[in-house]
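A quick note: this is a predicted structure, and the numbers were derived from the prediction, not measured.
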Amino acid sequence: MDFLNIVEKYGYNTELANFLKQIYDELVEYLGDDKEAIIYEAFLNTEVVDCDNIYEYLNSEGYLDETEIDDKSLKIATGICFTKSDIIYDENSKTFILNGIRRKVLVCNLKQNEDYINGALIHELAHLAKNYYKSHEISGNLLIVREGFIKTVYELSYKNGKVCETLIEKEGIGLEEGLNSILEHDIAKKIVNPNYYVSGYNLVREIARIIPVNLGLKEAVLNAQVMKEKDAFVREFDLIFMDGAFKKFESLLDRIYYLNLKQAAATGNMELLMSITGEIDEVIKGELVQLLDEMARARDAKKFVA
């Protein structure tokens, strides 16, 4: 696997090429040598673009559909690992067919070489490495997208000669963003700045550390993320604790993640900000602490029986 093929394919300048190679090597070390082929294919088939504004770039390239045109988060994002499914409808068999997946990693003002921008590139390339393999699946009229621990389900319909995707379910985003921020932090401290600090996803990052660090499940976590072996991981997690433990843990992190988003959007509105902060505290000090205590007691009971 020659990294020069990736550089030549997209015409990356020397500075970017060298930094991408550093990130590539660190991802292979972090995720495992057994996953290098996937990481290589992901880098080879996904262009990294330095742009002034992510929303404007995606809109000008025709990547956005009607539901994404008003997506405010794209207008303020520093980086994104963007995927777009190409789905066709076969009128003869009345089936939806996945015709391809378009991917881009976009980072704003990468040429400025700021620590937080370089960290954003690490973050998004980590997302890419973890969502590339077996990311999209069509089951009947459902499109299932897996990105690490994130599972997103869309209902597919065919209207006026066009395939439409309607979001019906999304889970695992809190845990995945937390784990991905841990990866970003660990790699950025090595190749960007030894004092690098991840400014986003603080709460979900610290809570997510429980799984790979405190429980010793790092390898199982990485297989769940990269190889899409989440079901096997959930079984192992619940076996350590009790039935339904992972689902409850994942759901709480999702709630905290979305509350964090509301908290960030409420800046300037002190009353609303305090209300959301109070709600987050209730979830953490009440439900999360209670769940972790229940899990600990269940694990201890199993050790006692053994």
Kindly give the heavy-atom pair with the smallest separation between [X] and [Y], and that separation in Å.
{"X": "L143", "Y": "S85", "result": "CD2-OG, 3.6 Å"}
{"X": "G140", "Y": "F96", "result": "O-CD1, 3.8 Å"}
{"X": "V221", "Y": "F149", "result": "CG1-CE1, 3.9 Å"}
{"X": "I150", "Y": "K170", "result": "CG2-CE, 3.9 Å"}
{"X": "K285", "Y": "V289", "result": "O-CB, 3.6 Å"}
{"X": "Y158", "Y": "E91", "result": "OH-OE2, 3.5 Å"}

Going by atom types only, do [X] and [Y] share a side-chain donor-acceptor pair under 3.5 Å?
{"X": "E36", "Y": "Y24", "result": "yes"}
{"X": "K35", "Y": "N223", "result": "yes"}
{"X": "Y132", "Y": "N45", "result": "yes"}
{"X": "N109", "Y": "D50", "result": "no"}
{"X": "T152", "Y": "E169", "result": "no"}
{"X": "H127", "Y": "E184", "result": "no"}
{"X": "S181", "Y": "R209", "result": "no"}

Within one Ile-Leu-Val-Met-Phe-Trp-Tyr cluster: [X] and [Y], side-chain cutoff 4.5 Å:
{"X": "V145", "Y": "I80", "value": "no"}
{"X": "I117", "Y": "Y201", "value": "yes"}
{"X": "L44", "Y": "M1", "value": "yes"}
{"X": "L261", "Y": "V283", "value": "yes"}
{"X": "F3", "Y": "I191", "value": "yes"}

Could you check if a side-chain atom of [X] sits within less than 4.5 angstrom of a side-chain atom of [Y], using non-hydrogen atoms only?
{"X": "I87", "Y": "I97", "answer": "no"}
{"X": "I207", "Y": "I256", "answer": "yes"}
{"X": "V107", "Y": "V49", "answer": "no"}
{"X": "V234", "Y": "D238", "answer": "yes"}
{"X": "L179", "Y": "V204", "answer": "no"}
{"X": "N118", "Y": "N193", "answer": "no"}
{"X": "I54", "Y": "C108", "answer": "yes"}
{"X": "L222", "Y": "Q225", "answer": "yes"}

Under 3.5 Å donor-acceptor, [X] side chain and [Y] backbone:
{"X": "Y12", "Y": "V48", "answer": "yes"}
{"X": "N160", "Y": "K162", "answer": "no"}
{"X": "Y258", "Y": "G174", "answer": "no"}
{"X": "K189", "Y": "P194", "answer": "yes"}
{"X": "K228", "Y": "Y133", "answer": "yes"}
{"X": "D254", "Y": "I173", "answer": "yes"}

For the pair Y40 and V28, evaluate side-chain contact (heavy atoms from CB on, under 4.5 Å) and give the outcome as yes or no after the intermediate values.
CA-CA 9 Å; Y40 180 82; V28 171; over 6 Å; no
Please determine whether the number of non-hydrogen atoms from other residues, nucleotides or ligands lying under 6.0 Å from atom [atom1] of [X] exceeds 12.
{"X": "K134", "atom1": "NZ", "value": "no"}
{"X": "M274", "atom1": "CE", "value": "no"}
{"X": "E15", "atom1": "CD", "value": "no"}

Name all residues meeting the salt bridge (charged side-chain N to carboxylate O under 4.0 Å, His left out) criterion together with E176; count only those two or more places apart in sequence or in a different chain, and write none if there are none.
K130
Yes or no on salt bridge (Lys or Arg N to Asp or Glu O under 4.0 Å) for E47 and R103, after CA distance, side-chain angles and deciding distance?
CA-CA 7 Å; E47 183 180 12; R103 292 183 171 89; over 6 Å; no
After noting the C-alpha distance and the side-chain angles of I276 and L272, does the key distance pass the side-chain contact (heavy atoms from CB on, under 4.5 Å) rule?
CA-CA 6 Å; I276 297 170; L272 179 57; 3.9 Å; yes
Could you state the interatomic distance from [atom1] ([X]) to [atom2] ([Y]), rounded to the nearest 0.5 Å?
{"X": "N131", "Y": "C81", "atom1": "CG", "atom2": "SG", "result": "4.5 Å"}
{"X": "L106", "Y": "L74", "atom1": "CG", "atom2": "CG", "result": "9.5 Å"}
{"X": "L288", "Y": "D281", "atom1": "CG", "atom2": "CG", "result": "12.0 Å"}
{"X": "I138", "Y": "L98", "atom1": "CD1", "atom2": "CG", "result": "5.0 Å"}
{"X": "Y116", "Y": "L121", "atom1": "OH", "atom2": "CG", "result": "13.5 Å"}
{"X": "I39", "Y": "E41", "atom1": "CD1", "atom2": "CD", "result": "11.5 Å"}

Donor-acceptor contacts, no H, no angles, side chain residues 244-253, under 3.5 Å, sequence neighbours left out:
residue: K247; atom: NZ; partner: E171; partner atom: OE1; Å: 2.6
residue: E250; atom: OE2; partner: K230; partner atom: NZ; Å: 2.6

Do [X] and [Y] sit within salt-bridge range, that is, some charged N less than 4.0 Å from a carboxylate O?
{"X": "R205", "Y": "E177", "result": "no"}
{"X": "D231", "Y": "R235", "result": "no"}
{"X": "K190", "Y": "D186", "result": "no"}
{"X": "E137", "Y": "R146", "result": "yes"}

Using the six-membered ring of Y30, assess whether NZ or CZ of K218 lies under 6.0 Å from its centre and within 45 degrees of the ring axis.
yes
Kindly confirm or rule out a cation-pi arrangement of R102 over Y63, judged by NZ or CZ under 6.0 Å from the six-membered ring centre and within 45° of its axis?
yes
side-chain contact (heavy atoms from CB on, under 4.5 Å) evaluation trace for T166 with Y154
CA-CA 5 Å; T166 303; Y154 300 90; over 6 Å; no
Working note: M295 + I240, criterion side-chain contact (heavy atoms from CB on, under 4.5 Å); need CA distance, chi angles, decisive distance, verdict.
CA-CA 9 Å; M295 287 165 55; I240 294 173; over 6 Å; no
Would you mind telling me which of L27, I38, N5 makes a side chain to side chain contact (heavy atoms under 4.5 Å, CB included) with F43?
L27
